[in-house]
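Structure record follows, encoded as structure tokens.
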Amino acid sequence: MRGALFPVLALALIGAGQAQAQTRATAIGDAERGAEIWMFCSGCHQIGPEAEISIGPPLNGIFGRRAATVADFPYSRSMTRMGRDGLTWTLDTLDAYIENPRVLVSGTRMSFDGLEDPRERADLLAFLRDFSDRPSNIPEAAPTARADLPRLSEDTLAIVGDRAYGEYLSSECTTCHQRDGSDQGIPSIVFWPQRDFVLAMHAYKQKLRPHPVMQMMAGRLSDEEIAALAAYFGTLTP
Amino acid sequence: MTLNRRSFIGTGLVLGAALSAPPLIGQARPRVVIVGGGAGGATAARYIAKDSQGAIDVTLIEPTRTYYTCFFSNLYIGGFRDLASIGHSYGTLAAQYGINVVHDWAVGVDRDGRTVTTAGGHVFPYDKLIVAPGIDFVEGSVPGWDISAQNRMPHSWKAGSQTQLLKAQVEGMRQGGLFCMVAPPDPFRCPPGPYERISMVAHVLRERNPTAKILIVDPKQSFSKQALFEEGWQKHYPGMIQRIGPDFGGNNVSVNPETMEVDIDGQVEKVDVCNVIPAQKAGRIAELAGLTGETGFCPIVPATMQSRMDEDIHVLGDATIAGDMPKSGFSANSHAKVAAMQVRAALTGSTAFPARYSNTCWSLIDTDDGVKVGASYAPTDEMIAKVDGFVSQTGEPADLRKLTYEESLGWYSGIVADMFG
């Protein structure tokens with residue numbers, strides 16, 4: 001397994017810079033400034049409790065909505081096809097669409113040239129986000145902030161983990177994985193060779209291994225944090 | 001592991017004293033009082049006691065001697081767990097971690113004098129207080145229902161006798177009868193919980209009472225894992241379950257427990273079993289301590305879980321306004337680890353690492369048909385914000401759903417070990 005995984009990871013390392021561990025998330029943007037940018041949209045779109053179909057469809061609940069699904073709105077054929085193909089409005093797809101609508105939907109009827117400034121787009125998205133489901137009520141609803149995702153450095157595999165830091169971080173793992181190594185529905189993660197542990201975590205982080213919970217958990221661990229966890233779980237006393 | 005910990009206690013004491021924050025030097029051990037022994041409070045107690053290695057005096061105030069977890073209580077209703085398997089004692093926390101477990105109700109907090117008073121008349125001084133009381137119900141939120149009617153129309157939203165009662169009522173329902181759930185408005189404990197409960201009730205009725213019907217009256221436009229539940233109900237319980245949302249009067253409901261009637265926007269339905277889940281607020285002690293805001297829940301500092309009202313108090317779990325985090329046992333467990341680290345840092349000078357939060361909620365729709373939703377969160381200045389997430393997909397193969405269910409069993413073992421030792 002080690003032989004098969006490592007070359008893939010090595011490819012992923014090329015061009016990646018080093019980043020600090022994440023301490024905070026960054027809000028999508030400033031919704032108040034977004035409300036000002038909304039003026040560009042409000043000629044055609046409505047939003048809020050009373051919103052109805054106008055020249056464009058209402059944009060309540062746009063996050064998480066499949067494209068071209070507002071009943072009775074006469075979408076372009078192009079938009080309808082994208083909806084059928086599975087285009088769903090997320091932070092990323094909306095951002096791309098607002099930047100240049102034709103990149104995503106060639107024949108869209110939306111006569112808008114796009115917003116070039118990423119910060120203006122982020123502010124507008126933050127404004128739109130406020131009119132969609134809240135994650136606390138519907139946990140699968142869209143994010144309200146962007147992760148400051150750490151990247152791999154070339155020295156990743158050589159990092160010596162800080163065991164004390166690993167012990168702290170491990171509390172996030174032990175909600176599911178048991179410290180005593182029991183293995184009931186959720187695998188044991190103790191006493192692994194540290195290198196295997198590090199490789200496995202990076203494989204999740206790169207989404208090479210499929211499990212969604214682990215992809216998410218590994219996705220926000222920095223290289224140092226992965227090494228620290230490997231050091232801790234690898235040397236637990238039974 | 002226990003032996004190792006004990007052999008370290010001596011060293012821990014010395015270290016703890018050496019690292020004590022200046023105001024505490026010369027005092028006895030710093031005191032932490034924790035109100036509420038659920039997923040938030042029990043976890044916080046265990047982590048503070050475990051990681052401070054005796055340097056902090058930990059008192060846990062929790063009225064029940066056996067704690068029944070709300071999570072997996074629906075599986076008990078469905079016949080997938082027995083009651084004993086979701087009940088936990090505080091014995092290990094007392095015996096192995098040296099936590100002073102007090103079975104009493106906290107009835108008052110003197111924030112100036114920094115003491116907690118219990119119904120039994122005891123007064124507990126604290127240096128840091130952790131408040132993790134879970135939820136209480138908003139009076140009058142379902143007209144006609146109050147706590148005196150909870151035997152005729154159980155809420156079963158706090159696990160234990162209420163869960164037993166509802167299970168018995170479902171099993172004893174007349175052939176072809178009608179089960180009704182009055183679902184709560186947002187925000188409430190366990191967003192997928194009402195719909196998992198519907199699935200478990202349907203599972204029981206399909207076996208014992210296949211002509212029975214289920215009615216959900218719901219003030220919410222949409223709900224957690226909606227596509228997954230609706231797909232599952234269609235597949236496993238076709239024609240059994242009907243939901244009335246706000247567009248058809250689901251937001252204008254009153255009940256009459258005497259006559260077992262439910263009035264839905266003027267239309268009166270006679271029902272056989274009625275599960276009323278009222279609107280919710282923070283557990284009452286949080287309100288008494290002056291920690292709640294306009295919404296009835298407690299505002300917190302996203303990076304530390306400290307109350308916005310009092311920096312010597314941390315609030316955990318369902319009682320908080322935790323931004324994007326749903327009210328769940330997993331979330332409370334996650335809050336507790338951040339708060340425990342902050343409390344230790346303040347009292348003994350240990351390192352406080354940056355806060356990180358996560359949550360996963362599993363739900364069971366039918367035998368071996370498990371689904372899940374989860375996310376990771378991080379503090380911004382304003383709130384705990386969602387940064388990434390995942391959810392089970394509709395149309396997943398049966399073996400994946402079975403694996404998801406098995407994973408939830410593993411998680412249950414994991415989290416209760418994390419809470420109770």
Side-chain angles (χ1 to χ4, degrees), chain A residues 21-28 60-61 64 91 129 133-149 164-165 167-180 182-188 210-221 225 228 236-238, chain B residues 1 4 47 51 186-188 191-192 220 222-226 303 322-328 330 333-334 337 340-341 351 353-356 358-361 372-383 385-391 403 405-411 413-415 417-418:
Chain A
Q22 170 202 335
T23 55
R24 291 211 161 193
T26 313
I28 295 171
N60 302 336
L91 208 50
R129 179 67 193 74
D133 289 325
R134 307 301 303 172
S136 58
N137 301 329
I138 302 184
E140 58 267 40
T144 61
R146 292 177 192 270
D148 187 14
L149 276 187
Y165 189 37
E167 178 169 13
Y168 157 66
L169 293 169
S170 75
S171 67
E172 206 170 39
C173 315
T174 54
T175 303
C176 298
H177 298 278
Q178 297 196 47
R179 268 195 177 84
D180 65 7
S182 25
D183 185 350
Q184 304 159 294
I186 290 186
S188 166
H211 197 275
V213 181
M214 286 307 303
Q215 286 181 352
M216 180 185 84
M217 301 308 286
R220 67 167 173 174
L221 291 171
E225 289 168 338
L236 268 182
T237 327
Chain B
M1 193 158 173
N4 282 340
Y47 272 75
D51 295 336
D186 293 321
F188 63 99
K220 302 182 294 299
S222 51
F223 61 86
S224 173
K225 297 179 189 157
Q226 184 162 1
D324 288 342
M325 292 186 82
K327 299 187 186 304
S328 74
F330 199 124
N333 174 269
S334 181
K337 290 164 184 173
M341 180 181 62
T351 313
F353 295 106
R356 39 205 309 144
S358 57
N359 175 62
T360 302
C361 296
K372 65 185 169 189
V373 60
S376 58
Y377 306 87
T380 66
D381 290 337
E382 304 299 320
M383 65 188 286
K386 176 174 172 177
V387 293
D388 193 10
F390 61 85
V391 59
L403 213 59
Y405 172 59
E406 284 164 1
E407 193 179 85
S408 75
L409 301 180
W411 164 75
S413 309
I415 192 170
D418 211 31

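Sequence lines set the chain letters: A, B, ... in the order given, protein chains first and strands last, and positions in each chain run from 1. Here the structure is a predicted model, which is why all the values come from computation and not from measurement.
Taking each heavy atom of Ala25(A) and Val387(B) in turn, the nearest pair found is CB-CG1, 3.3 Å. Taking every heavy atom of both residues into account, Pro143(A) and Arg129(A) meet most closely at O-NE, 3.1 Å.
In this structure, CZ on Phe353(B) lies 15.5 Å from NZ on Lys337(B), to the nearest 0.5 angstrom. One distance of note links CG of Asn359(B) with CE of Met216(A); it measures 8.0 Å at 0.5 Å rounding. Note that CE of Met217(A) and NE2 of His177(A) are 8.5 Å apart. Values are rounded to the nearest 0.5 Å.
Comparing Lys386(B), Lys220(B), Met341(B), Lys327(B) by how many heavy-atom pairs each has under 4.5 Å with chain A, the most go to Lys386(B). Of the listed residues (Pro191(B), Gly374(B), Ser376(B)), the greatest number of heavy-atom pairs within a distance under 4.5 Å of chain A belongs to Ser376(B). With chain A as partner, the option from Val373(B), Leu409(B), Thr351(B) having the largest number of non-hydrogen pairs under 4.5 angstrom is Val373(B).
Of the charged side-chain nitrogens involved, none lies within less than 4.0 Å of a carboxylate oxygen, so that Arg134(A) and Asp186(B) do not count as a salt-bridged pair.
Only the side chain of Phe330(B) comes within less than 4.5 Å of a heavy atom of chain A; its backbone N, CA, C and O stay farther away. Neither the backbone nor the side chain of Glu382(B) comes within less than 4.5 Å of any heavy atom in chain A. Using a 4.5 Å cut-off between heavy atoms, Ser408(B) does not touch chain A at all. Contacts between Ser334(B) and chain A at a heavy-atom distance below 4.5 Å are absent for every atom of the residue. Looking at Phe223(B), the atoms closer than 4.5 Å to chain A (heavy atoms on both sides) all sit in the backbone: N, CA, C or O. With a 4.5 Å cut-off on non-hydrogen atoms, Tyr47(B) touches chain A through its side chain but not through its backbone. Residue contact with chain B, scored on non-hydrogen atoms closer than 4.5 Å, is absent for Asp180(A). In this structure, the portion of Gln178(A) lying under 4.5 Å from any heavy atom of chain B is its side chain and not its backbone. Contact annotation for Leu169(A): only side-chain heavy atoms (C-beta onward) come within less than 4.5 Å of a heavy atom of chain B.
Residues satisfying the salt bridge (Lys or Arg N to Asp or Glu O under 4.0 Å) criterion with Lys225(B), sequence neighbours excluded, are absent altogether. Shown here are the salt bridge (Lys or Arg N to Asp or Glu O under 4.0 Å) partners of Glu407(B), two or more places apart in sequence or in another chain: Lys372(B).
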